[in-house]
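Letters A, B, ... are given to chains in the order of the sequence lines, protein chains preceding strands, and every chain is numbered from 1. Just so we're clear, the structure is a prediction, and the values are computed from it rather than from any experiment.
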Number of protein chains: 2
Amino acid sequence: MELSGRKKQILKAVVEHYIESAEPVGSKLLAQELGVSSATVRNEFAELCELGYLEQPHTSAGRVPSPQGYRLYVNELMERRSVSAEEAEGIDETLREKLMGGAISNAGQLVSSLVHYPAYSVTAGNAGLTVERFELLSVDAESFITVVMTDDKNVKSQLQHTALAFDAERLGDLKNLLNTHFTRKTRAEMSENLMNVGDQLPPELFLVLSKTVEYAAGILDAAGRRDVVTTGASEILKMPEYRDADRAHELMTFLVDNKEQLPVPEGDGPVQILIGPENVDHALRDTSVVVASYDIGDGMRGLVGVVGPTRMDYATVTARLSYFAESLTKMFGKGLPSPEDQQT
Amino acid sequence: MELSGRKKQILKAVVEHYIESAEPVGSKLLAQELGVSSATVRNEFAELCELGYLEQPHTSAGRVPSPQGYRLYVNELMERRSVSAEEAEGIDETLREKLMGGAISNAGQLVSSLVHYPAYSVTAGNAGLTVERFELLSVDAESFITVVMTDDKNVKSQLQHTALAFDAERLGDLKNLLNTHFTRKTRAEMSENLMNVGDQLPPELFLVLSKTVEYAAGILDAAGRRDVVTTGASEILKMPEYRDADRAHELMTFLVDNKEQLPVPEGDGPVQILIGPENVDHALRDTSVVVASYDIGDGMRGLVGVVGPTRMDYATVTARLSYFAESLTKMFGKGLPSPEDQQT
DNA sequence: GTTTAGCACTCGGAAGAAAAGAGTGCTAAA
DNA sequence: TTTAGCACTCTTTTCTTCCGAGTGCTAAAC
């Protein structure tokens, strides 16, 4: 059933007042605003309550939006404003400043400082990654540098010590071995090949080989892992709903210890909003989450989210977050921190 | 003036009770414990107050240790117990489990989980670091891999794109240029040399060279920076002294935003304890900090610290922290996560 | 001279009562 | 359909009272 225009207007006003004040909204305030009597507003209140859009903390308090109310607000009532010119400038500024070098890990940090809520960022793991190329560089008799390039063009390297002396020839052999049997292979295949090749190799050499392969496998594992970073958890201590130390502690430890369980919705829109009980996780039952995803390039996607009370400033958060995500996408596409600057 | 034996005994008891209960300690409780009358204890209390070792929250409450009282306790009265066999086993376990791969950044995390206080770890920056060697590996016409080994034997690498085509010869030239003019040089010297060399170079080549040198300089900068990581800040929400959201928020944001100002004392002992006002930083005025340093090898030192209320369980924290630091030192000296496993 | 019993005194915190206030629901009139 | 009016509900605040834990001091006891 479609709500009347005035009901929508009232719901919108309740949500916005409550977002601002964190106090239940009474009929008198709205009466003034709408130019009708408080009794009229009360009648509407009563109906909105019956329909499930509003709630009453107790009999004689004002009204508070229910999750369903927030949902309607977000879907229909909220003005989907975009960021102001100054906001945009500010965001661009911080982005340029802090994100050079392609360190995506602190995207959450930027977002958190932008919206004053806890934020998190997820860098999608690249599970199918393989090694494209091995290089070995001689250092001295007992050590060499291993360089591993993965097929997403990331390069990592380490110094490796060996028990036995490695001359140039031997190093070349090892390198050939690595490049023929361990490039373009999945994790499982690498382990398998290690076993196969191992049989025909002198044990000392095998030891070095396996150490190198393990190093490479570790890189693939690390790249395959979904990485979640949370920041700004302490922001919640400023909010009235978390003045209670126990509640604050609960959410806080969740954000730190269970961050892997933060929602990573399959994105169909640019920004997604999960309100209160829409979150599957029990600990997020009365918080809302706003997430946006951005393009890293190579078809990969990153994700940043904001966590806050259901009484969250959805309009501002949504605007800033989506602008942020767009900017990130642009930057990865062509902008300053281009792929050639990516460090390892 | 030296305190009488009984005064010390009483001070010790007050400190330990207060550490456990966070409640002011009354004379009756101690009377029972010491087998004297409460009046006697009260007399001693009064004198300890005058001497500045105890404080009274208000006229008719029990006594609470003053910072000076804690100091005496820590210096003389506390039983400097070492960790129990099970504790040691537990610590070794977590160390082995979590620290393979030489990721020191989360030493604080381990400590925090060990003592249930917020913790931080500082990895000393190596300011005098220089590049020992450059390597360039051809990938395709327009890109190559830059490998940089610093004189502490750390290796880092990145893929670098160029505007102009680079054949093997040209790459060799560039490499020679790098290795002759930019190894074993300080940051300043590198910049200077870049200017000097630049004059005699075609501009396209110079662009590539400077990009590479900048990359190396960035590595040196990063290594030179003192890196502070804090963990477990949310632990404070469990403590009665931080049930007040404002106080909790203050300390919390300090631990997150001002972590660079956490104390890094010049170590003369294995474990150092800073009590309340002994901390220079205003925000730490009523917290205590316990820090231990450990050996990374190569004469480098790392540092881990624990932050908590002055009512901190000094005995346990000190024991665990020093055991932890010792274990770390041992591990870096000869243990599992040996230098050859250090990743970049 | 130290220790202890005794006692009056001081606070802080808990418990209760009362008052204030905000907001409601309902009825009846406009 | 809107609104004025009014009784009612329930929270919050404030004030008071009361209790008890703990003190400081004095005078007696060891």
Is there a salt bridge (charged side-chain N to carboxylate O under 4.0 Å, His left out) between B/Glu2 and B/Lys8? Walk through the geometry before answering.
CA-CA 9 Å; B/Glu2 183 73 1; B/Lys8 285 186 182 173; 2.4 Å; yes
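Here C/dT4 presents its P atom at 14 Å from CG of B/Leu30, a figure rounded to the nearest Å. If you take NE2 of B/His58 and C1' of C/dT10, they are 9 Å apart, rounded to a whole angstrom.
In this structure, D/dT12 and C/dA19 make a Watson-Crick or G-U wobble pair, each of the two defining distances being under 3.5 angstrom. Remark: C/dT27 base-pairs with D/dA4. Criterion, Watson-Crick or G-U wobble with two distances under 3.5 Å.
Within the 3.5 Å criterion, the main-chain N or O of A/Val14 finds no donor-acceptor partner in the side chain of A/Arg63. In this structure, the side chain of A/Asn279 engages the main chain of A/Thr287 through a donor-acceptor pair within 3.5 Å.
With a 6.0 Å radius and a threshold of 12 heavy atoms from other residues, nucleotides or ligands, A/Gln32 has its CD atom at or below the threshold. Applying the 6.0 Å contact sphere to CD of B/Glu260 captures more than 12 heavy atoms from other residues, nucleotides or ligands.
Chain A approaches DNA chain D over the interval D/dT2 to D/dT11, counting the first and last nucleotide 5' to 3' with an atom under 4.0 Å from its heavy atoms.
Checking the phosphate oxygens (OP1, OP2) of C/dC11, a side-chain nitrogen or oxygen of B/Thr59 falls inside 4.0 Å.
Sorted by residue number, the members of residues 36-46 of chain B with any non-hydrogen atom under 4.0 Å from DNA chain D read B/Arg42, B/Phe45.
Checked by atom type, the side-chain pair A/Arg81/A/Thr316 shows a donor-acceptor distance below 3.5 Å.
The residues B/Lys12 and B/Glu76 are annotated as not salt-bridged, no charged nitrogen and carboxylate oxygen being separated by less than 4.0 angstrom.
Nearer to the 5' terminus of DNA chain C, by closest-nucleotide assignment, is the contact made by B/Arg6 (compared with the other of B/Arg6 and B/Ser60).
Residue pairs meeting the side chain to side chain donor-acceptor pair (under 3.5 Å) criterion with at least one partner in residues 246-258 of chain B, sequence neighbours excluded, are A/Arg243-B/Asp246.
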